[in-house]
Amino acid sequence: MPVYVPTLLVYAGAAVAEIAGCFAFWVWLRNGQSIWWLIPGLASLAVFAWLLTLAPSEHAGRAFAAYGGVYIAASLLWL
């Protein structure tokens, strides 16, 4: 049975998880940090993928475009 979560919360959580996962990989690869940074990075990217499965799929193209907007906003806030 699927769990109902408001779409905006799904997209906001997915954006944060995606940014955090990519950041962890960046820190490991570009800053020469420990390989252990990959564990939270992989976990964050798994949460990102899982959260996107909670988004409604009836209008997947529009939903993904809306997520893109939330991702851009979250990226700017991350700065």
Side-chain angles (χ1 to χ4, degrees):
M1 174 188 307
V3 176
Y4 173 75
V5 178
T7 305
L8 185 58
L9 288 178
V10 168
Y11 290 155
V16 169
E18 184 177 11
I19 292 167
C22 292
F23 177 75
F25 274 85
W26 180 84
V27 166
W28 166 67
L29 195 59
R30 296 294 302 261
N31 283 354
Q33 295 298 316
S34 167
I35 198 164
W36 294 108
W37 273 86
L38 295 181
I39 293 172
L42 288 171
S44 292
L45 292 175
V47 168
F48 157 71
W50 172 74
L51 283 171
L52 285 184
T53 66
L54 300 178
S57 60
E58 297 83 37
H59 306 288
R62 282 188 261 170
F64 197 69
Y67 167 72
V70 172
Y71 177 81
I72 290 169
S75 297
L76 291 174
L77 289 173
W78 188 277
L79 290 173

Query raised in the report: What pairs with L77 under side-chain contact (heavy atoms from CB on, under 4.5 Å), at least two apart in sequence or on another chain?
Result: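 Result, side-chain contact (heavy atoms from CB on, under 4.5 Å) vs L77: none returned.
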
Query raised in the report: According to a 4.5 Å side-chain heavy-atom criterion applied to Ile, Leu, Val, Met, Phe, Trp and Tyr, with indirect links allowed, do Y71 and V16 form part of one hydrophobic cluster?
Result: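 No; V16 is not reachable from Y71 via cluster members.
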
Query raised in the report: Do V70 and V10 belong to the same hydrophobic cluster, where Ile, Leu, Val, Met, Phe, Trp and Tyr are linked whenever their side-chain heavy atoms lie under 4.5 Å apart, directly or via other members?
Result: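 Both belong to a single hydrophobic cluster.
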
Query raised in the report: Among pairs that include at least one residue of residues 10-25, which meet side chain to side chain donor-acceptor pair (under 3.5 Å), considering only residues two or more places apart or in two chains?
Result: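 Side chain to side chain donor-acceptor pair (under 3.5 Å) check on residues 10-25 returns E18-Y67.
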
Acceptor/donor pairs from residues 28-36 side chains to any protein atom, 3.5 angstrom cut, sequence neighbours excluded:
unit_1: S34; atom_1: OG; unit_2: W36; atom_2: N; d: 3.1

Query raised in the report: Quick one: CH2 on W26 to CH2 on W37, what's the gap to the nearest 0.5 Å?
Result: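 Result: 10.0 Å between the selected atoms.
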
Pair up each side-chain donor or acceptor in residues 42-55 with any protein partner under 3.5 Å, not counting sequence neighbours, and list the distances.
unit_1: S44; atom_1: OG; unit_2: P40; atom_2: O; d: 3.0
unit_1: T53; atom_1: OG1; unit_2: W50; atom_2: O; d: 2.4

